[in-house]
J.: 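Submitted below is the structure of interest, expressed as structure tokens.
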Protein chains: 2
Amino acid sequence: MAKRPPTIPDSELDVLKVLWDLGQATVREALETLRAAGRQWSYATVATLLDRLESKGLVTSDRRELAFVYKPVISGQEVRQKRVNSLVDKLYQGEPGLLVLHLLKSHPLDPDQAKEVRSVLDQMMGDKGRKKDR
Amino acid sequence: MAKRPPTIPDSELDVLKVLWDLGQATVREALETLRAAGRQWSYATVATLLDRLESKGLVTSDRRELAFVYKPVISGQEVRQKRVNSLVDKLYQGEPGLLVLHLLKSHPLDPDQAKEVRSVLDQMMGDKGRKKDR
DNA sequence: TGTATCCTAAGACAGTTGTCTAACAAGGTC
DNA sequence: GACCTTGTTAGACAACTGTCTTAGGATACA
């Protein structure tokens with residue numbers, strides 16, 4: 001009977017992203033931002049989504065003057081981490097390397113990023129040869 | 001009102017993976033394989049999932065002797081591609097490079113993979129310097 | 001004070017996902 | 001023929017998602 005663990009559906013993720021960008025927001029602010037970004041939602045929809053995020057413990061709310069102000073509890077970094085892990089587990093046999101390879105082969109990197117990637121990689125390989133703990 | 005585009009939920013994905021591995025399977029074969037892998041599902045559950053996959057057009061069925069045999073229509077490669085693209089779009093501002101960096105920084109690669117990654121990268125950078133089309 | 005605003009609350013409602021029970025058909029077996 | 005064994009089918013049902021309507025409490029301004 002185990003209740004499913006809380007997930008972050010697409011629509012909630014969109015709202016959460018606004019909070020990451022703005023730091024915090026009221027329903028109306030989030031709505032405006034989302035409208036500007038092309039999401040044609042009603043006020044109530046955004047309110048519902050924030051509500052659901054709150055019941056999942058992913059944002060907190062705090063009454064300020066007129067309206068509630070919502071703040072993210074979970075960071076973008078954490079969400080990215082979880083998503084990537086789950087992708088790697090589910091479709092890359094738990095091997096992040098396979099995903100990296102897939103990415104490099106199917107999406108060309110721009111030169112700056114390529115250089116950065118290379119340097120991270122160099123460091124990783126270098127370390128391995130010289131000393132084994134950080 | 002636009003009907004949502006079909007997605008592949010987790011449980012269906014698990015079944016689909018069996019089809020990728022075996023090439024094709026009956027409900028019972030899929031069930032056995034999933035059981036062996038730890039999924040405690042009933043026969044009917046697997047049947048339902050295969051059915052849903054079929055109505056989404058992701059597998060086909062074909063009556064053989066006693067039972068239906070299901071085959072995947074969509075490949076693992078395609079599914080991976082879509083998932084990765086959507087992850088990159090949703091959480092990495094459409095920049096695959098950011099995801100690569102994240103992966104390298106947070107998950108150490110094993111040496112063989114590191115070497116392979118490096119060679120793909122070298123080739124990418126080298127090409128850029130020498131000639132611009134493949 | 002009445003009316004226009006803005007906010008929250010409560011819930012509706014259809015579509016999707018996760019899982020299953022139960023009824024029923026076809027092929028063997030005694 | 002009466003019974004298993006396998007398989008298919010239909011449908012059930014609760015939780016989750018995507019979106020909204022509507023009622024009701026405050027605030028604000030004419």
Side-chain angles (χ1 to χ4, degrees), chain A residues 1-18 24-35 37-71 79 82-83 86 90, chain B residues 1-18 24-35 37-71 79 82-83 86 90:
Chain A
M1 299 294 106
K3 178 96 51 164
R4 304 184 224 175
T7 58
I8 308 182
D10 284 354
S11 50
E12 286 170 29
L13 184 57
D14 282 348
V15 173
L16 198 48
K17 284 200 275 191
V18 171
Q24 59 171 49
T26 61
V27 174
R28 181 146 311 268
E29 287 162 353
L31 176 63
E32 295 309 337
T33 307
L34 288 160
R35 284 256 167 88
R39 284 299 223 154
Q40 290 310 32
W41 273 332
S42 82
Y43 185 98
T45 298
V46 177
T48 298
L49 294 175
L50 280 166
D51 220 60
R52 290 180 181 168
L53 282 167
E54 188 169 20
S55 32
K56 294 176 184 175
L58 304 177
V59 312
T60 34
S61 68
D62 177 19
R63 181 154 220 138
R64 287 284 162 76
E65 292 153 38
L66 289 180
F68 279 104
V69 173
Y70 293 85
K71 277 193 216 195
V79 171
K82 278 188 216 285
R83 295 264 168 145
S86 127
K90 286 206 283 255
Chain B
M1 300 293 107
K3 177 98 47 167
R4 305 184 226 172
T7 60
I8 308 183
D10 283 355
S11 49
E12 289 171 27
L13 185 57
D14 282 348
V15 174
L16 198 48
K17 284 199 275 189
V18 171
Q24 60 171 48
T26 62
V27 173
R28 182 147 311 268
E29 286 161 354
L31 176 62
E32 296 309 338
T33 307
L34 288 160
R35 283 259 168 85
R39 283 298 222 157
Q40 290 310 37
W41 274 331
S42 81
Y43 185 98
T45 298
V46 178
T48 298
L49 295 175
L50 279 166
D51 220 60
R52 288 180 183 169
L53 282 167
E54 188 169 20
S55 34
K56 293 177 183 175
L58 303 177
V59 312
T60 34
S61 67
D62 177 18
R63 182 154 220 137
R64 286 285 159 73
E65 292 152 39
L66 289 180
F68 279 104
V69 172
Y70 293 85
K71 276 193 217 196
V79 170
K82 278 187 215 286
R83 296 265 168 145
S86 127
K90 287 207 282 258

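Quick caveat, the model's predicted, so the values are computed rather than measured. Protein chains get the first letters and strands the later ones, always in sequence-line order, with residue 1 at the start of each.
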J.: Could you pick out which residue, A:Thr7 or A:Thr48, lies toward the 5' side of DNA chain D when each is mapped onto its nearest nucleotide?
T.: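 Upstream on the strand: A:Thr7.
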
J.: So, under a plain 3.5 Å distance rule, would you say the side chain of B:Arg4 forms a donor-acceptor pair with the base of C:dT16?
T.: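 Answer is no: no donor-acceptor pair is held.
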
J.: A:Leu16 has an atom CG; how far is it from atom P of D:dG18, in whole Å?
T.: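 My rounded result for the distance is 14 Å.
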
J.: Please name the pair of heavy atoms, one in B:Arg39 and one in B:Ser11, separated by the smallest distance, quoted to 0.1 Å.
T.: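 Looking at all heavy atoms of both residues, the closest pair is NH2-CA, 4.3 Å.
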
J.: Could you report the tightest heavy-atom contact between A:Thr26 and A:Ala67, atom names first, then the distance?
T.: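 Scanning both residues completely, I find the closest heavy atoms to be CG2-CB, 4.3 Å.
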
J.: Could you tell me whether a side-chain N or O of B:Glu32 sits under 3.5 Å from a main-chain N or O of B:Glu29, the two making a donor and an acceptor?
T.: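 Answer holds: no.
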
J.: Establish, from distance only, whether the side-chain atoms of B:Thr48 and B:Thr45 form a donor-acceptor pair under 3.5 Å.
T.: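 B:Thr48 vs B:Thr45: no donor-acceptor pair found between side chains.
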
J.: Using only side-chain N and O atoms of A:Arg28, determine if any of them is under 4.0 Å from OP1 or OP2 of C:dC7.
T.: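 A:Arg28 to C:dC7 OP1/OP2: side-chain N or O found under 4.0 Å.
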
J.: Return the value, rounded to whole Å, for the distance between atom CD of B:Glu12 and atom P of C:dT19.
T.: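 Going from B:Glu12 (CD) to C:dT19 (P), I get 12 Å.
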
J.: Any side-chain to backbone donor/acceptor pair from B:Arg35 onto B:Trp41? Under 3.5 Å, distance only.
T.: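 Between the backbone of B:Trp41 and the side chain of B:Arg35 there is a qualifying donor-acceptor contact (under 3.5 Å).
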
J.: Could you check how far CG of A:Leu49 sits from P of D:dC16, rounded to whole Å?
T.: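 After rounding, the gap between these two atoms is 15 Å.
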
J.: Using the closest heavy atom to pick a nucleotide of DNA chain D for each, name whichever of A:Leu66 or A:Arg39 lands nearer the 5' end.
T.: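 By nearest-heavy-atom nucleotide position, the 5'-most residue is A:Arg39.
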
J.: Could you say whether B:Ala44 or B:Arg52 is positioned toward the 5' end of DNA chain C, judged by the nucleotide with the nearest heavy atom to each?
T.: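 By nearest-heavy-atom nucleotide position, the 5'-most residue is B:Arg52.
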
J.: Looking only at side-chain N and O atoms, does B:Thr45 come under 4.0 Å of OP1 or OP2 in C:dC20?
T.: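 Answer yes for this pair, as a side-chain N or O of B:Thr45 is under 4.0 Å from OP1 or OP2.
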
J.: In Å and rounded to the nearest 0.5 Å, what is the CG to CZ distance from B:Leu50 to B:Arg52?
T.: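 With rounding to 0.5 Å, CG (B:Leu50) is 11.5 Å from CZ (B:Arg52).
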
J.: Could you give the angle between the helix axes at the two ends of the helix from C:dT1-D:dA30 to C:dC30-D:dG1, with five pairs per end, rounded to 10 degrees?
T.: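 Roughly 30° between the end axes, to the nearest 10°.
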
J.: So which atom in A:Ala30 and which in A:Val18 form the shortest heavy-atom distance, rounded to 0.1 Å?
T.: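 A:Ala30 and A:Val18 have their closest heavy atoms at CA-CG1, 4.0 Å.
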
J.: Using OP1 and OP2 only, check whether a side-chain N or O of A:Tyr43 sits under 4.0 Å from C:dT8.
T.: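 The answer is yes; a side-chain N or O of A:Tyr43 sits under 4.0 Å from OP1 or OP2.
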
J.: Using atom CG of A:Asp51 as one end and atom C1' of D:dT19 as the other, report the distance to the nearest whole Å.
T.: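 The distance from CG of A:Asp51 to C1' of D:dT19 comes to 14 Å, rounded to the nearest Å.
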
J.: Specify the separation, in whole Å, of atom CG of A:Asp14 and atom P of D:dG18.
T.: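 Answer to the nearest Å: 9 Å.
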
J.: Pull out every residue in residues 53-64 of chain B that has a heavy atom closer than 4.0 Å to any atom of DNA chain D, ordered by number, or say none.
T.: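 Listed by number, they are B:Arg63.
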
J.: One thing to verify: whether A:Asp10 and B:Lys90 come together as a salt bridge, which I'm taking to mean a side-chain N less than 4.0 angstrom from a carboxylate O.
T.: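 Yes, charged N to carboxylate O under 4.0 Å.
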
J.: Among all residues two or more places apart in sequence or in another chain, which pass the salt bridge (Lys or Arg N to Asp or Glu O under 4.0 Å) test with A:Lys82?
T.: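 Salt bridge (Lys or Arg N to Asp or Glu O under 4.0 Å) list for A:Lys82, sorted by chain: empty.
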
J.: Is B:Ser11 near enough to C:dT17 that one of its side-chain N or O atoms lies under 4.0 angstrom from OP1 or OP2?
T.: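 Checking C:dT17 against B:Ser11, no side-chain N or O comes under 4.0 Å of OP1 or OP2.
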
J.: In whole Å, what is the span from the CG atom of A:Leu50 to the P atom of D:dT19?
T.: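 Taking atom P of D:dT19 as the reference, CG of A:Leu50 is at 15 Å.
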
J.: Show the numbers, then the answer: is there a salt bridge (charged side-chain N to carboxylate O under 4.0 Å, His left out) between A:Lys71 and A:Asp62?
T.: CA-CA 8 Å; A:Lys71 277 193 216 195; A:Asp62 177 19; 5.8 Å; no

J.: Nearest whole angstrom, please: distance from the C1' of C:dT17 to the CG of B:Asp10.
T.: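 That distance rounds to 10 Å.
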
J.: May I have the distance from A:Gln40 (atom CD) to D:dG18 (atom P), rounded to whole angstrom?
T.: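 It works out to 17 Å between those atoms.
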
